[in-house]
Amino acid sequence: MGFPIDVSDIKDYINVENFTLDLLKSKEYHLRKMCFCLLASLEDIVLEFDRNEKLFSEERMLWVEFLQLHYQKLNYSRNILKSVLKDGIIEQNDLDFINDSIQWAIELLKIILDDDGKRVNYINIIISGWFYCSLHYYIKSIDAYCEKRFNLVQPYIENRRALKIIEEERLTIDQLHKEITEQKLTNETQLNENTHKKLLDMWFRALDFLDEELIPEFTP
């Protein structure tokens with residue numbers, strides 16, 4: 001599977017004696033889950049940029065500092081989420097880190113998904129598809145782990161079906177990326193109509209999600 005972050009270990013931390021159904025439905029848990037999933041969904045962006053050394057040939061140290069900050073945030077947010085699932089305790093001391101990390105991720109996404117009316121590089125469109133799929137894959141994976149432990153049959157079945165659809169979409173995006181890269185296409189006029197439509201739909205879906213859901217939910 002093409003998703004770069006493995007979240008399967010999280011299911012081993014769910015302790016239903018401490019992590020209650022009320023906590024599962026709480027805003028406090030939602031914030032912590034979203035923080036980790038947002039940071040995890042940036043991994044495709046990080047890996048794609050890190051493969052392209054030309055982008056940072058003159059600013060390598062800044063890129064290294066960014067990587068250190070990203071993985072510090074990602075690992076810490078993962079530990080916070082695991083702690084809540086295991087101990088059922090919401091630490092208010094984590095709130096500043098959670099809010100700051102969510103805003104940090106959103107600001108990065110706003111830069112990557114910037115639609116200023118100018119020509120958009122196709123790799124940004126591919127990244128937008130990766131981001132959207134990854135975020136929802138991580139969210140629904142964690143939700144499904146919890147629903148299974150709480151024996152919430154119908155939500156669990158629905159999430160498993162959704163995960164299958166997301167996995168298939170990820171494979172489609174990866175195949176698109178491979179075809180465009182191997183053919184060295186440089187102009188949208190070189191794309192067939194079906195591919196062009198898929199890319200446009202992918203781009204505008206990510207933009208709408210960022211502008212209409214993520215930013216309104218998490219911007220103070």
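The structure presented is a predicted model; accordingly, all values stated were derived computationally and were not measured.
- Closest heavy-atom contact between Leu39 and His70: O-CE1, 3.4 Å.
- A side-chain donor-acceptor contact under 3.5 Å links Ser128 to the backbone of Ile125.
- For Lys86, the salt bridge (charged side-chain N to carboxylate O under 4.0 Å, His left out) criterion is met by no residue, not counting sequence neighbours.
- The two residues Ala144 and Leu163 have their closest heavy-atom pair at CB-CD1, 4.4 Å.
- The line from CD1 of Ile10 to CG of Leu81 is 5.0 Å long, rounded to the nearest 0.5 Å.
- Using a cut-off of 4.0 Å between Lys/Arg side-chain N and Asp/Glu carboxylate O, Asp174 and Arg170 are scored as salt-bridged.
- Contact annotation: the side chain of Ile90 never approaches that of Leu95 to less than 4.5 Å [non-hydrogen atoms, C-beta and beyond].
- Using a 3.5 Å distance cut-off with no hydrogens or angles, the side chains of Gln68 and Gln72 do not pair a donor with an acceptor.
- Counting heavy atoms from C-beta outward, Phe49 and Ile112 have side chains that approach closer than 4.5 Å.
- Checked for salt-bridge contact, Lys33 and Asp143 meet the test: a charged N lies under 4.0 Å from a carboxylate O.
- The salt bridge (charged side-chain N to carboxylate O under 4.0 Å, His left out) test with Glu169 is passed by exactly one of Arg205, Lys164, Lys198: Arg205.
- Side-chain contact between Ile142 and Lys11 is absent, with no heavy-atom pair separated by less than 4.5 Å.
- Checked against the 6.0 Å centroid threshold, Phe209 and His136 count as a close aromatic pair.
- Using a 4.5 Å cut-off on side-chain heavy atoms (C-beta onward), Glu65 and Leu69 make no contact.
- In this structure a side-chain-to-backbone donor-acceptor pair under 3.5 Å is present from Thr172 to Glu168.
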**Item:** Audit row: Asp211, Leu113, side chain to side chain contact (heavy atoms under 4.5 Å, CB included) steps and yes/no
**Value:** CA-CA 10 Å; Asp211 292 338; Leu113 305 183; over 6 Å; no
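- Taking every heavy atom of both residues into account, Asn18 and Asp87 meet most closely at CB-O, 3.2 Å.
- If you take CD1 on Ile127 and CD1 on Ile173, they are separated by 11.5 Å, rounding to the nearest 0.5 Å.
- Of the possible polar contacts, none joining the Ser101 side chain to the Ile98 backbone as a donor-acceptor pair under 3.5 Å is found.
- Linking Ile, Leu, Val, Met, Phe, Trp and Tyr residues whenever their side-chain heavy atoms come within less than 4.5 Å leaves Ile165 and Ile157 in two separate clusters.
- When each of Arg160, Glu147, Lys148 is paired with Pro155, the side chain to side chain contact (heavy atoms under 4.5 Å, CB included) condition holds for Glu147 and for no other.
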**Asked** Run the side chain to side chain contact (heavy atoms under 4.5 Å, CB included) check on Phe36 and Val7 step by step: do they pass?
**Response** CA-CA 10 Å; Phe36 167 69; Val7 298; 3.8 Å; yes
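- For CZ of Phe66, the number of neighbouring non-hydrogen atoms (other residues, nucleotides, ligands) closer than 6.0 Å is greater than 12.
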For residues 22-32, which side-chain N or O atoms pair as donor and acceptor with protein atoms under 3.5 Å away, sequence neighbours left out?
from: Ser26; atom 1: OG; to: Leu23; atom 2: O; distance (Å): 2.7
from: Ser26; atom 1: OG; to: Tyr29; atom 2: N; distance (Å): 3.2
from: His30; atom 1: NE2; to: Glu217; atom 2: OE2; distance (Å): 2.7
from: Arg32; atom 1: NH1; to: Glu28; atom 2: O; distance (Å): 2.8
from: Arg32; atom 1: NH2; to: Glu91; atom 2: O; distance (Å): 3.1

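- The number of heavy atoms from other shown groups lying within 6.0 Å of CD (Glu17) does not exceed 12.
- Using a 4.5 Å cut-off on side-chain heavy atoms (C-beta onward), Asp201 and Lys197 make contact.
- Remark: side-chain polar atoms of Ser83 are not paired, donor with acceptor, to backbone N or O of Asn79 under 3.5 angstrom.
- With respect to the salt-bridge test (charged N to carboxylate O, under 4.0 angstrom), the residues Asp12 and Lys82 do not qualify.
- Follow the hydrophobic side-chain contacts under 4.5 Å out from Tyr156 and you never reach Tyr137; the two are in separate clusters.
- In terms of heavy-atom proximity, Ile89 sits nearest to Val84 at O-CG2, 3.7 Å.
- With contacts defined as side-chain heavy-atom distances shorter than 4.5 Å, the pair Phe97/Ile80 qualifies.
- In this structure, the side chain of Tyr138 engages the main chain of Ile5 through a donor-acceptor pair within 3.5 Å.
- Looking at heavy atoms from C-beta onward, Ser141 lies out of side-chain contact with Phe3 at the 4.5 angstrom threshold.
- A continuous path of Ile, Leu, Val, Met, Phe, Trp and Tyr side chains, each step under 4.5 Å between heavy atoms, connects Leu38 with Leu207, placing both in one hydrophobic cluster.
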**Asked** Taking it one step at a time, do Leu135 and Lys140 satisfy side chain to side chain contact (heavy atoms under 4.5 Å, CB included)?
**Response** CA-CA 9 Å; Leu135 177 62; Lys140 290 185 180 299; over 6 Å; no
**Request:** Take Phe19 and Cys146, measure what side chain to side chain contact (heavy atoms under 4.5 Å, CB included) needs, and give me the verdict at the end.
**Result:** CA-CA 10 Å; Phe19 182 69; Cys146 292; 4.0 Å; yes
**Request:** Please test Phe218 against Trp104 for ring-ring contact (aromatic ring centres under 6.0 Å, His included), starting from the C-alpha separation and ending with a verdict.
**Result:** CA-CA 11 Å; Phe218 294 108; Trp104 183 81; over 10 Å; no
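- Linking Ile, Leu, Val, Met, Phe, Trp and Tyr residues whenever their side-chain heavy atoms come within less than 4.5 Å places Tyr132 and Ile215 in a single cluster.
- The shortest distance between side-chain heavy atoms of Tyr145 and Ile14 falls below 4.5 Å.
- Linking ILVMFWY side-chain heavy atoms closer than 4.5 Å, directly or via other members, places Val16 and Leu85 in a single hydrophobic cluster.
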